[in-house]
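Here is the structure we will look at, set down as structure tokens.
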Amino acid sequence: MRTAWHDAWGSATGPASRALPGSRLVAGTLVFAACMVAPVATAAGAACAVGATAAWLAACRPPGRFVVATLVLGLALFLPYFLLAPLIPDAAGGGAGGWSEAVLVPWSILVRGLCAMLACAATVSCLGAGDLHEAMASLPIPSIVTRILIQMVHQTSTLAHESRRMASAMAVRGATGGGAAARRVVGSLPRVWLPRVVDRAERVAAAMDLRGYCDGEVEPVRARRATAVDGVVVALAAVLLAAAIAARSGVS
């Protein structure tokens with residue numbers, strides 16, 4: 001898992017990347033909502049969630065390595081839930097029906113979790129840091145929320161960069177093995193990494209304060225008019241959400 005997750009921002013090459021940043025963010029949110037709404041415990045609901053995710057991935061076309069890394073991470077996170085199936089009350093009663101009902105719980109977690117992660121990964125790859133700023137500023141979102149989210153993305157980049165530098169330094173000093181040297185380096189990591197991160201955060205805050213970032217309103221970087229691409233992207237995402245709602249209503 002050597003993928004630089006933050007480097008995936010703005011790396012998509014699909015047709016959705018030609019839409020306005022606000023349209024991309026809205027479409028990604030709608031696809032994520034479709035993954036959450038679809039009744040993945042049923043075959044139709046699972047197909048709806050998987051289809052919506054696949055369509056959004058095709059529209060964004062993120063790097064294959066990033067998609068594979070996201071998929072592997074999702075499997076590592078959600079597959080262990082199947083180990084809990086014997087503890088679910090439906091399985092405790094015995095019988096084929098009880099086990100099938102019990103397995104549906106981790107299955108739903110797996111499908112919904114993977115689809116949501118891949119939908120978010122596609123959205124992230126379709127938005128650069130500047131695009132995210134423009135998208136948040138162009139939508140009716142409270143200014144304080146926009147500032148907080150933008151800073152979260154910025155600080156995540158800083159932490160990721162700092163962590164990669166620390167990992168490289170540890171590897172050069174022989175901390176990749178299992179010996180005493182590796183244990184000493186890992187033990188001293190909080191005393192080295194945390195102060196550097198805090199110092200960097202203080203410098204960023206001072207630079208923001210000097211530039212009056214907290215005093216002004218967040219405005220769009222540039223004003224652009226919506227095109228047919230924006231309408232198609234948002235409309236298709238809305239259709240996917242409507243299909244997920246219809247599938248859920250059919251189950252109910």
Side-chain angles (χ1 to χ4, degrees), residues 3-38 47-71 73-74 112-154 156-157 160 217-247:
T3 300
W5 297 94
H6 192 84
D7 293 341
W9 285 87
S11 59
T13 58
S17 60
R18 295 196 294 269
L20 291 176
S23 301
R24 296 176 232 163
L25 184 59
V26 170
T29 303
L30 292 176
V31 174
F32 177 82
C35 297
M36 293 294 101
V37 171
C48 182
V50 173
T53 305
W56 185 232
L57 284 171
C60 296
R61 205 178 302 160
R65 183 181 178 184
F66 181 49
V67 175
V68 172
T70 304
L71 186 62
L73 177 61
R112 182 170 282 118
L114 283 179
C115 290
M117 288 183 65
L118 290 173
C120 291
T123 305
V124 164
S125 68
C126 203
L127 289 169
D131 292 333
L132 179 63
H133 187 172
E134 182 178 354
M136 296 290 294
S138 63
L139 296 176
I141 301 175
S143 179
I144 184 64
V145 176
T146 300
R147 292 194 184 101
I148 290 174
L149 290 178
I150 292 175
Q151 279 306 303
M152 287 175 61
V153 173
H154 176 75
T156 301
S157 173
E217 293 294 329
V218 180
E219 298 179 356
V221 177
R222 56 188 181 276
R224 292 187 292 172
R225 291 184 177 181
T227 62
V229 177
D230 298 272
V232 171
V233 169
V234 176
L236 289 179
V239 168
L240 294 175
L241 177 58
I245 295 174

Fill in the blank from the handout: Of all heavy-atom pairs linking Ala19 and Val233, the shortest is CB-CG2, 4.3 Å
Problem - Heavy-atom pair with the smallest gap, counting every atom of Ala58 and Pro15 - result: O-CD, 4.1 Å
Fill in the blank from the handout: Heavy atoms of Val31 and Ala119 approach each other most closely as CG1-CB, 4.0 Å
Practice task
Identify the heavy atoms of Cys35 and Ala49 that sit nearest to each other, and give their distance.
Solution key: SG-O, 4.2 Å
Exercise for the section: For Thr123, enumerate each residue passing the side-chain hydrogen bond (donor to acceptor under 3.5 Å, both in side chains) test, keeping only those at least two apart in sequence or located in another chain. Expected result: Trp56
Practice task
Grab the two heavy atoms, one from Ala122 and one from Pro62, that are nearest each other, plus how far apart they are.
Solution key: CA-CG, 4.4 Å
Problem - Shortest non-hydrogen contact from Met117 toward Gly74 - result: SD-CA, 3.7 Å
Problem - Main-chain N/O of Phe66 paired to Thr70 side chain as donor or acceptor, under 3.5 Å - result: yes
Exercise for the section: Could you note down all residue pairs passing side-chain hydrogen bond (donor to acceptor under 3.5 Å, both in side chains) where residues 230-243 supplies at least one of them, sequence neighbours left out? Expected result: Ser23-Asp230, Thr227-Asp230
Fill in the blank from the handout: Rounded to the nearest 0.5 angstrom, the CG-CG distance for Leu30 and Leu240 is 9.0 Å
Practice task
Taking side-chain hydrogen bond (donor to acceptor under 3.5 Å, both in side chains) as the test, write out the residues that go with Thr53, two or more places apart.
Solution key: none
Exercise for the section: With rounding to the nearest 0.5 Å, note down the distance linking CG in Leu241 to OG1 in Thr29. Expected result: 10.5 Å
Handout entry: Contact check, side chains of Val67 and Leu118, non-hydrogen atoms, under 4.5 Å
Key = yes
Completion exercise
Separation between CZ (Arg24) and SG (Cys60), nearest 0.5 Å, reads 9.0 Å
